[in-house]
Amino acid sequence: MSLQSLFKDQVRGVELLPGVTAVSASEIEAATTSARAQGIPVFSLSTGAGGGRDAFFNAVRATLPLDPPLASNYSWDALSDSLFGGLVILGVDRVLLVWTDAAEMLAAAPDEADIAFGVLVQTAADLAEPKYTQGRPVSVTVLTATESP
């Protein structure tokens, strides 16, 4: 699935829908405020200028709960497994992840951005499945900015 297909027809305002949704910066601010008011954990991910594989791995490592911890930036599968485990052990049923500069990574490293989005999409889908979470699914909403901050 390409990043462009994720951006198409998925803007829903501040409604926190599971999966990945591209929204404006103002919608991110409103969604973040709404999530916090509801007691939903909010994680803000920034890959920095340009992004790329190493920047994405480092941002995830610095921002998100991981279980087991990531030892390298080599394996996207390990990243997905670690992110899945980290979000499960939070013991919550909903999480908001905001990727503030996804558009920059898309422009600078489109192939790696597609893989990063794929990891987020698949992790959110897996966490929504009771059979993978011992009957305790986690609804993961990932919001990405449609423009650079």
Side-chain angles (χ1 to χ4, degrees), residues 1-12 16-29 31-33 35-36 40-134 136-149:
M1 174 180 294
S2 75
L3 181 60
Q4 286 76 17
S5 68
L6 292 174
F7 276 42
K8 184 179 177 191
D9 299 326
Q10 289 195 16
V11 176
R12 306 264 196 257
L16 300 179
L17 301 172
V20 179
T21 304
V23 297
S24 70
S26 64
E27 289 170 309
I28 284 178
E29 186 176 326
T32 300
T33 300
R36 286 190 175 121
I40 298 170
V42 176
F43 299 95
S44 184
L45 180 71
S46 175
T47 51
R53 177 194 202 105
D54 287 341
F56 185 78
F57 272 78
N58 292 337
V60 167
R61 193 179 287 110
T63 305
L64 297 166
L66 300 173
D67 185 38
L70 282 173
S72 74
N73 296 354
Y74 176 74
S75 173
W76 290 102
D77 288 336
L79 173 68
S80 180
D81 291 346
S82 183
L83 181 56
F84 177 95
L87 292 175
V88 164
I89 63 170
L90 284 177
V92 298
D93 62 354
R94 296 179 77 185
V95 173
L96 174 61
L97 169 59
V98 177
W99 186 1
T100 58
D101 54 3
E104 289 182 20
M105 185 167 169
L106 178 61
D111 292 341
E112 291 174 337
D114 272 347
I115 295 169
F117 271 92
V119 165
L120 295 174
V121 167
Q122 189 60 54
T123 301
D126 289 348
L127 284 163
E129 287 291 331
K131 65 183 177 183
Y132 299 140
T133 58
Q134 299 180 358
R136 299 188 66 211
V138 181
S139 178
V140 179
T141 300
V142 181
L143 299 181
T144 64
T146 54
E147 69 277 345
S148 299

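Applying the side chain to side chain donor-acceptor pair (under 3.5 Å) test to R136 and every residue at least two apart in sequence or in another chain returns nothing. For E129, the side-chain contact (heavy atoms from CB on, under 4.5 Å) partners at least two apart in sequence or on another chain are K131, Y132. Residues satisfying the side chain to side chain donor-acceptor pair (under 3.5 Å) criterion with Q122, sequence neighbours excluded, are D126. Not counting sequence neighbours, the partners of R53 by the side-chain contact (heavy atoms from CB on, under 4.5 Å) test are F57, W76, E112.
Looking at R61, its side chain does come within 3.5 Å of a backbone N or O of S72 through a donor-acceptor pair.
The shortest non-hydrogen separation linking A103 to A145 is CB-O, 4.0 Å.
Of the candidates V140, T141, L120, V20 forms a side chain to side chain contact (heavy atoms under 4.5 Å, CB included) with just one, namely L120.
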- I would like to know whether F56 and I115 meet side-chain contact (heavy atoms from CB on, under 4.5 Å); could you show each step before the answer? CA-CA 10 Å; F56 185 78; I115 295 169; over 6 Å; no
Which donor-acceptor pairs under 3.5 Å do the side chains of residues 41-52 make with protein atoms, sequence neighbours left out?
| residue | atom | partner | partner atom | Å |
| --- | --- | --- | --- | --- |
| S46 | OG | D101 | OD2 | 2.9 |
| T47 | OG1 | D101 | OD1 | 3.2 |

Please report, to 0.1 Å, the donor-acceptor pairs under 3.5 Å made by any side chain of residues 77-93, with sequence neighbours excluded.
| residue | atom | partner | partner atom | Å |
| --- | --- | --- | --- | --- |
| S80 | OG | T123 | OG1 | 3.1 |
| S82 | OG | D67 | N | 3.4 |
| S82 | OG | P68 | O | 2.3 |

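One distance of note links OG1 of T63 with CG of N58; it measures 10.0 Å at 0.5 Å rounding. Annotation: the span from L143 atom CG to I28 atom CD1 amounts to 6.0 Å, rounded to 0.5 Å. Distance check: D114 CG to M105 CE gives 9.5 Å after rounding to the nearest 0.5 Å.
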